[in-house]
Every structure is written in structure tokens, then in C-alpha cells.
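In what follows, a structure is listed as C-alpha cells, so that the remarks can point back to it.
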Amino acid sequence: MEDNRETFDHSDTIQEERILTFMESMGGSNTPFLQEKEREALAEDIPIIREQTQSLIRFLLELRHPKNILEVGAATGFSSLFLRTYADKDAKITTIERDPERAERARLHYREAEEAGVFQGTPGITLLEGDAADILKTLEGEYDFLFMDAAKGQYGNFLPEVLRLLSPGGLLLSDNIFKDGEILESRFAVKRRDRTIHRRMRDYLYQLTHDERLQTLLLQEGDGAALSVRKSNS
Ligand code: SAH
Ligand code: MG
């Protein structure tokens, strides 16, 4: 039996790879500027949104036309420039990054976009530098699209503030929920030092799927993504 399972797992993986390759071959391409930024980020091992997640975000932007977007985890700015490219022109985009070097690089990339004339004028992205645990508390107003893409073990800590900021009908997209497949493993199969994050991500997913105010879909896209909508009567 064990041997059979091995064989099945193996062919499943090949099948999954074929599906992924096929779907990616059908994907539309980004603007040249985004393509260049994507190449740069990947060359530096910055964990930017994967292709399938990009398609998902583009779809959601077109479906909902959010006007006030908040991202947690800017890194070097690829995804915020991506959002800027495909969101409505009058959408406000705010992003948070705690790593000073990455925040500086993001600002540089925003300037590059301006100099290359990619957008009319500056990209107009508001970058808030600091820990989201502090910054989220200071934000006011309602966001109709929230992209959670920071330290995976902290999503749960951010959730109360995120729910305060998410408008009724607003979308919350949480990226990398599978952490390269690790979250799917039994906690005993996970290295001791990774167990905390394993437990926290599972708790977070439990909260998303059991909170009365949310309706949540868990998706396989990219490294796994949770798509939640805040119920309009909540
Ligand atoms: N959204 C980016 C990738 C983000 S990578 C893109 O797709 O292009 C995750 C980023 O979150 C890292 O740069 C990390 O420094 C930042 N981060 C992690 N924890 C954070 C926190 N508590 N507050 C703010 N930023 C955080
Ligand atoms: Mg991500």
C-alpha cells in the first residue's frame, strides 16, 4: 500500500505541474514596466505575488473596482505597483512595510515609475513605514480591498484591526496561506521551530472560516490564498 501511495503522490505532482504550466500559458502578460520589476524582484529573492495570485487580483479589481486599497507587506513595491497598474485611476492605495531597506527600495521603484512616465505623474501610493501591528491601529476610514501579505505568523494578530478597517462588502485577500505546503502537513511533521507559525496560520484560517462577519474561500492559487468578503450586514 505504501508503495502505491508513493506512486500516486508522484503522478499527482506531475499532474499539478501540468495544470499550473497550462494555466500560466493562458495568463495575460503584465506591462513591460511590471515585467522588469518582477524580474528584478525575483532575481533578489523577494517573495512577490505569484502569477496565479496576480490573475486573481486583477480579476477581483475588475469585479469590484475598489476605491480604497490597503496592503500589509510592501516589500520592494512590486505588488503595490501592480495594484496601481490595474486598479481604477482614482483608487487610493496604501501599503505598509517595516523593513527600512525594503521600504527605501519601494520608494525608489515608485520614483522610477514616475520617471519612466508609467503613470500620469507619481504612482500616488502611500507607503507607511513601520510595523503593521502599530500602524494598523492608527488608520481610520474604510478599506474595500485589503491585501494581507506580511509575516505569516502575524496575520491573526492583525485580524481585529483589519476587521475594523474592512468595509461591509469589502474583500480581504490573505496570501501564502500554505507556506509552501507546510501548513498542510501535520504539526508533528513540521520542524519544532516552525510549529508556532504552523499553529498560528491554522488558527488564522479557522478564524477566517468561522467568523460570522466573514464569508471565506480557501484557494490553491499561488502559495494558497484565502479570499474573504465582509458580509454586507455585519
Ligand atoms: N507584497 C509584496 C511582497 C511582500 S513580502 C509583493 O508581492 O510584491 C512580505 C513583506 O512583509 C516583507 O518585506 C516584510 O518585511 C514585511 N512585513 C513582515 N511583517 C511585517 C509587519 N509586521 N509590518 C510591516 N511589514 C511586515
Ligand atoms: Mg505573498
Side-chain angles (χ1 to χ4, degrees), residues 27 30-31 33-58 60-61 66 69-87 93-110 112-113 118 123 125-139 143 145-162 165 171-183 194 196-197 200-201 204-205 208 218-228:
N30 283 328
T31 60
F33 180 76
L34 282 178
Q35 284 181 27
E36 185 193 311
K37 289 298 134 207
E38 182 171 35
R39 267 197 304 275
E40 280 177 24
L42 291 174
E44 290 175 45
D45 274 335
I46 311 281
I48 60 168
I49 36 172
R50 300 183 190 186
E51 240 177 88
Q52 284 193 305
T53 319
Q54 295 182 23
S55 302
L56 174 64
I57 293 176
R58 281 177 73 165
L60 295 172
L61 293 175
I69 299 174
L70 177 62
E71 172 183 74
V72 185
T76 55
F78 175 75
S79 52
S80 47
L81 286 163
F82 179 90
L83 289 163
R84 176 78 290 159
T85 306
Y86 299 112
I93 300 173
T94 306
T95 184
I96 307 174
E97 175 55 50
R98 73 170 170 198
D99 181 308
E101 258 175 58
R102 286 190 170 180
E104 190 47 48
R105 293 289 306 287
R107 282 188 287 262
L108 172 73
H109 292 150
Y110 300 159
E112 280 177 11
V118 178
I125 299 164
T126 306
L127 178 88
L128 303 174
E129 190 177 327
D131 195 320
D134 306 321
I135 290 182
L136 285 171
K137 292 196 186 94
T138 68
L139 298 179
Y143 293 83
F145 189 96
L146 222 143
F147 182 45
M148 182 84 94
D149 196 20
K152 313 309 158 214
Q154 292 187 25
Y155 288 8
N157 295 341
F158 300 155
L159 194 56
E161 292 300 326
V162 159
L165 295 165
L171 297 177
L172 164 64
L173 181 65
S174 310
D175 198 21
N176 306 97
I177 60 167
F178 295 153
K179 238 189 131 258
D180 292 320
E182 204 173 280
I183 301 303
D194 292 332
T196 310
I197 194 165
R200 286 185 182 166
M201 182 55 93
Y204 178 67
L205 296 178
L208 289 185
L218 302 183
L219 302 168
Q220 289 190 31
E221 259 64 24
D223 185 22
L227 178 59
S228 311

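Numbering of ligands and ligand atoms starts at 1, following listing order.
With hydrogens left out, the protein atom closest to atom 6 (C) of ligand 1 is Ser79 OG, 3.0 Å, a heavy atom. In this structure, atom 12 (C) of ligand 1 lies nearest to the protein heavy atom Arg102 NH1, 3.2 Å. For atom 15 (O) of ligand 1, the closest heavy atom belonging to the protein is Glu97 OE2, 2.6 Å. Counting only heavy atoms of the protein, atom 9 (C) of ligand 1 lies nearest to Asp149 O, 3.1 Å. The nearest protein atom to atom 18 (C) of ligand 1, hydrogens excluded, is given as Ala151 N, 3.2 Å; this is a heavy-atom distance. The shortest contact between atom 25 (N) of ligand 1 and any protein heavy atom is with Arg98 N, 3.3 Å. Regarding atom 7 (O) of ligand 1, its nearest protein heavy-atom neighbour is Ile49 N, 2.9 Å.
If you number the atoms of ligand 1 from 1 as listed, the ones under 4.0 Å from a heavy atom of Asp99 come out as 15 (O). For ligand 1, the atoms sitting less than 4.0 Å from at least one non-hydrogen atom of Ala75 are 2 (C), 3 (C), 4 (C), 5 (S), 13 (O), numbered in the order shown with element in parentheses. Residue Gly130 approaches ligand 1 through these ligand atoms, each under 4.0 Å from one of its heavy atoms: 23 (N), 24 (C). Under a 4.0 Å criterion applied to the non-hydrogen atoms of Pro47, ligand 1 contributes the atoms 3 (C), 5 (S). Residue contact check: Phe158 has heavy atoms under 4.0 Å from atoms 22 (N) of ligand 1.
Sorted by chain and number, the protein atoms of type N, O or S within less than 2.8 Å of the Mg ion (ligand 2) are Asp149 OD1, Asp175 OD2, Asn176 OD1.
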All N/O donor-acceptor pairs, side-chain side in residues 150-159, below 3.5 Å, sequence neighbours left out:
| from | atom 1 | to | atom 2 | distance (Å) |
| --- | --- | --- | --- | --- |
| Lys152 | NZ | Ala150 | O | 2.6 |
| Lys152 | NZ | Tyr155 | OH | 3.3 |
| Tyr155 | OH | Met148 | O | 3.4 |
| Tyr155 | OH | Asp175 | O | 2.8 |

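Using a 4.0 Å cutoff on heavy atoms, Ala74 counts as a contact of ligand 1.
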